[in-house]
Amino acid sequence: MLWLCITLPQLPLEALQCEQSERPTLVTVLAGSVRSVVCCNPAAERVGLKPEMNFTTALAILPEAIALERRLSAEQAALERLATWAYQFSGTVILGEIFNDLQRARSTALWLEIGASLRLFGGFRKLIEQLETELRKLSYSYQLGIAPTLEGSALLARTGVRVAITTVAALRARVETVSVNRLNLDPWIPQQLQTVGVQTVGMLVALPRDGVAKRFGPEVCNYLDRLVGAAPDPRPTYRLPPQYQARFEFEAEIHSTEALLFPLRRMLREFVGFLRARDTGVQTFTLRFIHRDTVATVLNIGLSMPDRNSDRFLALARERLEHAALPSASVALELSAEEFAMPTGLHIDMLSGATEQSEELGHTIDRLVARLGETQVHGVKAVAEHRPEDSWATADPQDTRQHLDFPDRPLWLLPEPKPIQLSGMPALTGAERIESGWWDGGDVRRDYFIARTQQGSTLWIYKDLSDGSWHLHGFWS
């Protein structure tokens with residue numbers, strides 16, 4: 001097996017913020033009576049702030065720094081959303097633990113077994129390129145490690161080794177010189193090892209196991225065996241849920257619609273990863289904007305055809321959000337979907353491009369519905385009725401039933417036929433007699449003609465056979 005490990009050094013911060021802030025920002029945690037920095041953004045690092053620093057010292061260096069409280073629940077939710085997204089690259093995904101201690105807070109990891117996926121994605125290089133492209137779109141900071149063991153790939157990721165290690169022998173040779181501080185152990189263990197002169201992983205592995213177990217506990221020996229492939233590493237794999245449920249809690253109340261688009265963009269891209277993993281699409285999904293003191297604002301986003309394109313989802317959600325009246329600031333965002341359908345195939349006719357045009361028309365209709373409202377946009381369907389004014393009815397824009405076969409009629413009909421004088425009218429063509437409606441009290445007896453004026457307009461007129469009067473009923477385009 002070949003494991004790809006994704007470590008997320010900035011997850012405590014990125015679980016609270018989707019977009020990188022230009023202002024120095026810290027995530028802190030209170031341990032006993034001491035508050036310390038867990039992680040900080042690049043703007044804070046540039047002025048000398050760093051993880052594990054005392055918060056009081058950090059404020060002395062930069063009093064205007066923004067301080068956020070670490071939330072383990074937000075990190076766990078972000079890691080689970082990312083695991084769902086990662087299923088598009090591998091059928092075996094393993095979640096790492098969220099550690100509460102300061103020195104291990106940045107070792108959060110996610111593992112993918114990629115050995116079985118290489119042929120599907122066209123080789124190792126293409127798989128990694130595509131995965132990194134999608135990770136950057138999600139705005140996560142990450143490090144990658146590849147090795148035949150779970151702990152080995154995690155160690156390579158933490159040390160920044162960008163070389164794929166494919167054999168256990170190569171892994172053992174690579175990690176020999178790595179500092180024991182990089183090991184995923186309780187923080188006091190590396191400190192004690194360095195105190196007795198054990199500086200590298202190679203030196204630790206060479207020690208008698210009985211002595212290591214007696215002094216540091218059997219879990220250290222077990223970890224070393226799993227690291228170098230001398231012992232199995234059974235862990236539960238993550239399973240895709242049958243329905244999609246995701247939640248993002250904001251670090252502060254969000255009042256503006258534009259600010260809501262930042263977390264929404266990430267959540268929709270994670271959602272599309274889930275759809276790709278299931279090889280399916282969605283025709284409707286629900287957004288819930290959670291408020292502190294009022295009921296949630298619910299937006300049901302519908303599409304004319306199943307899809308899994310995050311940019312199109314975002315465009316529709318943005319249209320709906322701009323016309324929604326949020327009663328108060330939002331404190332969280334939820335996205336859910338319960339029903340799925342295979343996306344429409346993109347088989348384009350090489351001569352006419354009819355399928356592509358139909359798909360673009362569907363997306364245009366979706367945008368109109370999102371902007372104007374579901375009650376303001378309708379389709380048109382034919383009705384089995386010869387009277388022109390009664391031969392059509394409004395329909396759902398998504399209704400794709402076959403229309404009835406009717407003779408050519410102008411698309412532009414007047415709400416009510418308008419009386420006209422026929423004098424000076426040029427020759428008439430296209431005679432059609434319509435006699436209908438006697439059974440419902442709306443009896444009509446008409447002879448319809450096509451007339452062309454000197455100005456070039458084409459009119460649809462008729463002669464009322466009951467009194468001989470002429471009327472204008474529609475225009476031809």
Side-chain angles (χ1 to χ4, degrees), residues 283-284 300 302-305 316 319-320 322-323 344 349 352-477:
Q283 198 162 354
T284 180
N300 293 310
L303 298 93
S304 58
M305 60 184 70
L316 295 179
E319 292 284 0
R320 290 292 304 276
E322 288 179 350
H323 295 84
T344 304
D349 187 333
S352 64
T355 303
E356 184 181 35
Q357 294 171 8
S358 175
E359 186 187 51
E360 290 303 321
L361 176 61
H363 296 317
T364 301
I365 293 175
D366 292 339
R367 292 287 299 274
L368 289 173
V369 172
R371 178 171 296 185
L372 303 177
E374 295 180 358
T375 61
Q376 304 299 318
V377 180
H378 305 281
V380 178
K381 65 179 180 180
V383 178
E385 170 59 62
H386 291 284
R387 288 169 289 185
E389 57 269 30
D390 298 323
S391 63
W392 64 277
T394 60
D396 191 290
Q398 302 176 10
D399 190 350
T400 58
R401 290 176 294 179
Q402 186 69 31
H403 288 196
L404 299 176
D405 186 16
F406 267 72
D408 289 340
R409 299 281 175 82
L411 293 178
W412 184 1
L413 293 181
L414 298 177
E416 294 289 340
K418 180 180 179 180
I420 58 172
Q421 297 295 327
L422 192 59
S423 59
M425 190 68 67
L428 306 178
T429 60
E432 178 187 356
R433 175 163 292 184
I434 296 178
E435 296 189 34
S436 181
W438 54 268
W439 56 86
D440 61 7
D443 187 17
V444 299
R445 298 174 60 243
R446 303 168 180 168
D447 281 344
Y448 278 87
F449 300 92
I450 299 174
R452 292 179 176 82
T453 66
Q454 295 178 351
Q455 290 78 23
S457 301
T458 304
L459 314 178
W460 202 43
I461 65 174
Y462 70 83
K463 180 180 180 180
D464 192 331
L465 299 181
S466 61
D467 58 10
S469 60
W470 289 87
H471 297 78
L472 172 65
H473 202 171
F475 299 88
W476 295 86
S477 59

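Predicted model, so just to flag it, every value in this text is computed and none were measured.
- Using a 4.5 Å heavy-atom cutoff, the side chains of L459 and T453 are in contact.
- Residues W470 and P419 form no side-chain contact, since every pair of their non-hydrogen atoms from C-beta on lies 4.5 Å or further apart.
- The distance from atom CD of Q283 to atom CE of M305, rounded to the nearest 0.5 Å, is 8.5 Å.
- The shortest side-chain heavy-atom distance between P410 and W476 falls under the 4.5 Å cut-off.
- For the pair D443 and E435, the minimum side-chain heavy-atom distance is 4.5 Å or more.
- Ion pairing of E389 with R387 is absent here, as no side-chain N (NZ or NE/NH1/NH2) approaches a carboxylate O to less than 4.0 Å.
- Atoms OG1 and CG, on T284 and N300 in that order, are 5.5 Å from each other to the nearest 0.5 Å.
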Practice problem: Take V383 and D390 through the test side chain to side chain contact (heavy atoms under 4.5 Å, CB included) and record every step on the way to the result. | Solution: CA-CA 7 Å; V383 178; D390 298 323; over 6 Å; no
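- With rounding to the nearest 0.5 Å, the separation of CG in L472 from CD1 in I420 is 5.5 Å.
- Summarising the geometry, atom CD belonging to E432 is positioned 6.0 Å from atom CH2 belonging to W460; distances are rounded to the nearest 0.5 Å.
- Across all their heavy atoms, D467 and S469 have their closest contact at OD1-OG, 2.7 Å.
- Note that OG of S391 and CG of L413 are 7.0 Å apart. Values are rounded to the nearest 0.5 Å.
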Exercise. Would you sort out whether L428 and I461 count as a side chain to side chain contact (heavy atoms under 4.5 Å, CB included), showing the intermediate values?
Key: CA-CA 9 Å; L428 306 178; I461 65 174; 3.9 Å; yes
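- The shortest distance between side-chain heavy atoms of P388 and I434 falls below 4.5 Å.
- Counting heavy atoms of neighbouring residues, nucleotides and ligands inside a 6.0 Å radius, atom CH2 of W438 does not exceed 12 of them.
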Quiz item: Under the side chain to side chain contact (heavy atoms under 4.5 Å, CB included) criterion, do V444 and H386 qualify, and how do the steps go?
Solution: CA-CA 10 Å; V444 299; H386 291 284; over 6 Å; no
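- In summary, D447 and K463 do not engage in a salt bridge, as defined by a charged side-chain N under 4.0 Å from a carboxylate O.
- Every residue meeting the side chain to side chain donor-acceptor pair (under 3.5 Å) condition with H473, not counting sequence neighbours, appears here in chain and number order: Y448.
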Practice problem: Would you check, one step at a time, whether the test side chain to side chain contact (heavy atoms under 4.5 Å, CB included) holds for S457 with R452? | Solution: CA-CA 6 Å; S457 301; R452 292 179 176 82; over 6 Å; no
